[in-house]
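Have a look at the structure below before the remarks.
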Amino acid sequence: MLWFSCRKDKFEDFDNNQLGTNYFPIKTKMYHQYKVKIIHFDAFNQTSDTLHLIERIEQDTFFKDNLGRNAMRIEVFTKDSNAAQWESVRSYYYVGLKTHVEAVIENKRNVILTLPMHEESVWDYNTYNNQPQYLLMYSKKMDSYSNGIIQAGRSMEITRLGRDLPFESNYWKEIYSEGIGLVSREYTNIEFVNNIPSGIKENKELIEYGYK
């Protein structure tokens, strides 16, 4: 296994020909739309609420971040599946480097991919922030991917490396496809209080992508 452990703060900007960067294209005006299902569990009230949303992620423009790196500004919009208008919900940015790809959200740096992409490579999603270690792994290469709407070529699956404890369920699976980026995400972060769940479960599937 290859462990992502370098903690230097300054890297050269990534080369688009570097192995793996075509699984996460950072390009001006590119957008992705996802069908999203979110379940919120409330242990105190012993309830659960389910949301069905359409999420649109727009890659806007490049700028220099506070470390002097080329960064891509991201705008996120959501709407109910029956709504006509999009609602702006947040913004953040991506930084693509030769060693990894970061998503920087509210000044918290998350390592979403390590480069180059090799099956069974392991890295810490929280390498550059003060959150507990969260290990991810390239778990499976795929010749193709389809969710019934999106047809994609070569793809890579990412899963969490770890195990659930009796009082929690913590699951992560993402799939990235060449020339597209993220096509699927499953995420669970639930604690059990007296055997009653509290937390969130999310499923996200790509339904459209392109350039605006």
Side-chain angles (χ1 to χ4, degrees), residues 1-16 18-32 34 36 38 55-78 88-118 120-139 156-162 168 170-177 180-189 199-200 202 204 206:
M1 289 186 178
L2 302 176
W3 289 82
F4 183 91
S5 59
C6 182
R7 289 180 177 268
K8 294 180 181 178
D9 280 339
K10 292 188 178 181
F11 299 87
E12 298 177 62
D13 293 337
F14 79 104
D15 177 354
N16 278 316
Q18 179 84 3
L19 179 62
T21 56
N22 52 348
Y23 283 79
F24 196 90
I26 301 177
K27 298 180 179 179
T28 303
K29 306 304 179 183
M30 190 174 189
Y31 74 90
H32 298 77
Y34 300 91
V36 182
I38 303 173
E55 181 179 81
R56 182 180 174 96
I57 298 177
E58 296 185 356
Q59 298 183 175
D60 187 23
T61 54
F62 284 102
F63 69 100
K64 292 290 186 181
D65 73 356
N66 58 7
L67 295 175
R69 308 174 302 178
N70 280 340
M72 169 63 74
R73 192 182 317 278
I74 306 299
E75 300 290 339
V76 182
F77 305 86
T78 63
S88 177
V89 292
R90 67 181 180 278
S91 63
Y92 58 97
Y93 64 90
Y94 293 139
V95 179
L97 305 164
K98 288 186 176 181
T99 52
H100 65 283
V101 177
E102 287 183 23
V104 183
I105 304 173
E106 296 180 351
N107 294 318
K108 187 172 74 171
R109 298 166 60 187
N110 302 316
V111 180
I112 55 178
L113 298 176
T114 187
L115 300 173
M117 296 174 78
H118 293 300
E120 297 188 352
S121 292
V122 177
W123 71 98
D124 182 10
Y125 178 80
N126 291 322
T127 298
Y128 296 109
N129 60 61
N130 58 7
Q131 299 299 305
Q133 187 181 67
Y134 196 98
L135 297 179
L136 300 176
M137 179 178 71
Y138 291 128
S139 50
M156 181 72 85
E157 179 185 273
I158 297 171
T159 54
R160 174 177 176 256
L161 185 68
E168 70 175 19
N170 203 323
Y171 178 76
W172 177 295
K173 185 175 81 171
E174 292 184 330
I175 298 174
Y176 290 82
S177 297
I180 300 175
L182 179 69
V183 295
S184 178
R185 183 172 191 254
E186 297 177 47
Y187 173 71
T188 300
N189 186 6
I200 188 172
E202 177 184 301
K204 178 187 292 189
L206 184 67

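Heavy atoms only: backbone and side chains are in, while hydrogens, waters and symmetry mates are out. Everything quoted here is computed from the prediction, not taken from an experiment.
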Q. For the side chain of Asn126 and the backbone of Pro132, is there at least one donor-acceptor N/O pair under 3.5 Å apart?
A. yes

**Q.** With sequence neighbours excluded, residues passing salt bridge (Lys or Arg N to Asp or Glu O under 4.0 Å) with Lys29
**A.** Asp60

Q: Could you tell me how the ring of Tyr94 sits relative to the ring of Phe24: parallel (under 30°), tilted (30 to 60°) or perpendicular (over 60°)?
A: perpendicular

(Q) Using the side-chain hydrogen bond (donor to acceptor under 3.5 Å, both in side chains) definition, which of the options Lys173, Arg160, Glu157, Glu120 pairs with Ser139? (A) Glu157

Q) Once you round to the nearest 0.5 Å, how far does CD of Glu55 lie from OG1 of Thr78? A) 7.5 Å

(Q) Val183 vs Tyr23, test: side-chain contact (heavy atoms from CB on, under 4.5 Å). Steps then yes/no. (A) CA-CA 10 Å; Val183 295; Tyr23 283 79; over 6 Å; no

Q. So, for Val36 and Glu202, which heavy atoms are closest and what is the spacing to 0.1 Å?
A. CG1-CG, 4.2 Å

Q) With Glu75, which residues qualify under salt bridge (Lys or Arg N to Asp or Glu O under 4.0 Å), at least two apart? A) none

(Q) Both conditions, 6.0 Å and 45 degrees, for the charged tip of Arg185 above the ring of Tyr187: are they met here? (A) yes

(Q) So, using side-chain contact (heavy atoms from CB on, under 4.5 Å) as the criterion, who are the partners of Phe63 when residues are at least two apart? (A) Asp65, Ala71, Arg73, Tyr93

Q) Hey, what do you get for CD1 (Ile57) to OG (Ser91), rounding to the nearest 0.5 Å? A) 12.5 Å

Q) Leu135 and Met137: side-chain contact (heavy atoms from CB on, under 4.5 Å), yes or no, with the steps? A) CA-CA 7 Å; Leu135 297 179; Met137 179 178 71; over 6 Å; no

Q | Stepwise side-chain contact (heavy atoms from CB on, under 4.5 Å) check, Thr159 with Trp172 | A | CA-CA 5 Å; Thr159 54; Trp172 177 295; 6.0 Å; no

Q) side-chain contact (heavy atoms from CB on, under 4.5 Å) with Tyr31: which residues, sequence neighbours excluded? A) Gln33, Arg56, Glu58, Glu208, Lys212

Q | Minimum heavy-atom distance between Ser184 and Leu182, given as atom pair plus value | A | O-CD1, 3.2 Å

Q) Can any side-chain N or O of Asn129 pair as donor or acceptor with the backbone N or O of Gln131 at less than 3.5 Å? A) yes

Q: Run through Leu161, Thr99, Leu136 and flag the one making a side chain to side chain contact (heavy atoms under 4.5 Å, CB included) with Trp123.
A: Leu136

Q | Spacing of Glu102 atom CD and Arg109 atom CZ [to the nearest 0.5 Å] | A | 4.0 Å

Q. Between the side chain of His32 and the main-chain N/O of Ile180, is any donor-acceptor distance below 3.5 Å?
A. yes

Q: Hey, could you give me the CG/NZ distance between Leu206 and Lys204, rounded to the nearest 0.5 Å?
A: 10.0 Å

Q) Taking only residues two or more places apart in sequence, or in another chain, which ones meet Thr188 in a side-chain contact (heavy atoms from CB on, under 4.5 Å)? A) Ser169, Tyr171, Ile190, Lys201

Q) Going through the distances and angles, do Ile158 and Leu113 end up as a side-chain contact (heavy atoms from CB on, under 4.5 Å)? A) CA-CA 9 Å; Ile158 297 171; Leu113 298 176; 3.4 Å; yes

(Q) Rounded at 0.5 Å granularity, tell me how far CE in Met156 sits from CD1 in Ile175. (A) 11.5 Å

**Q.** Expected output: side-chain Tyr138 to main-chain Thr114 donor-acceptor under 3.5 Å
**A.** yes

Q: State which residues pass side-chain contact (heavy atoms from CB on, under 4.5 Å) with Thr28; sequence neighbours excluded, sorted by chain then number.
A: Phe62, Met72

**Q.** Between OH on residue Tyr134 and CG on residue Asp124, distance to nearest 0.5 Å
**A.** 11.0 Å

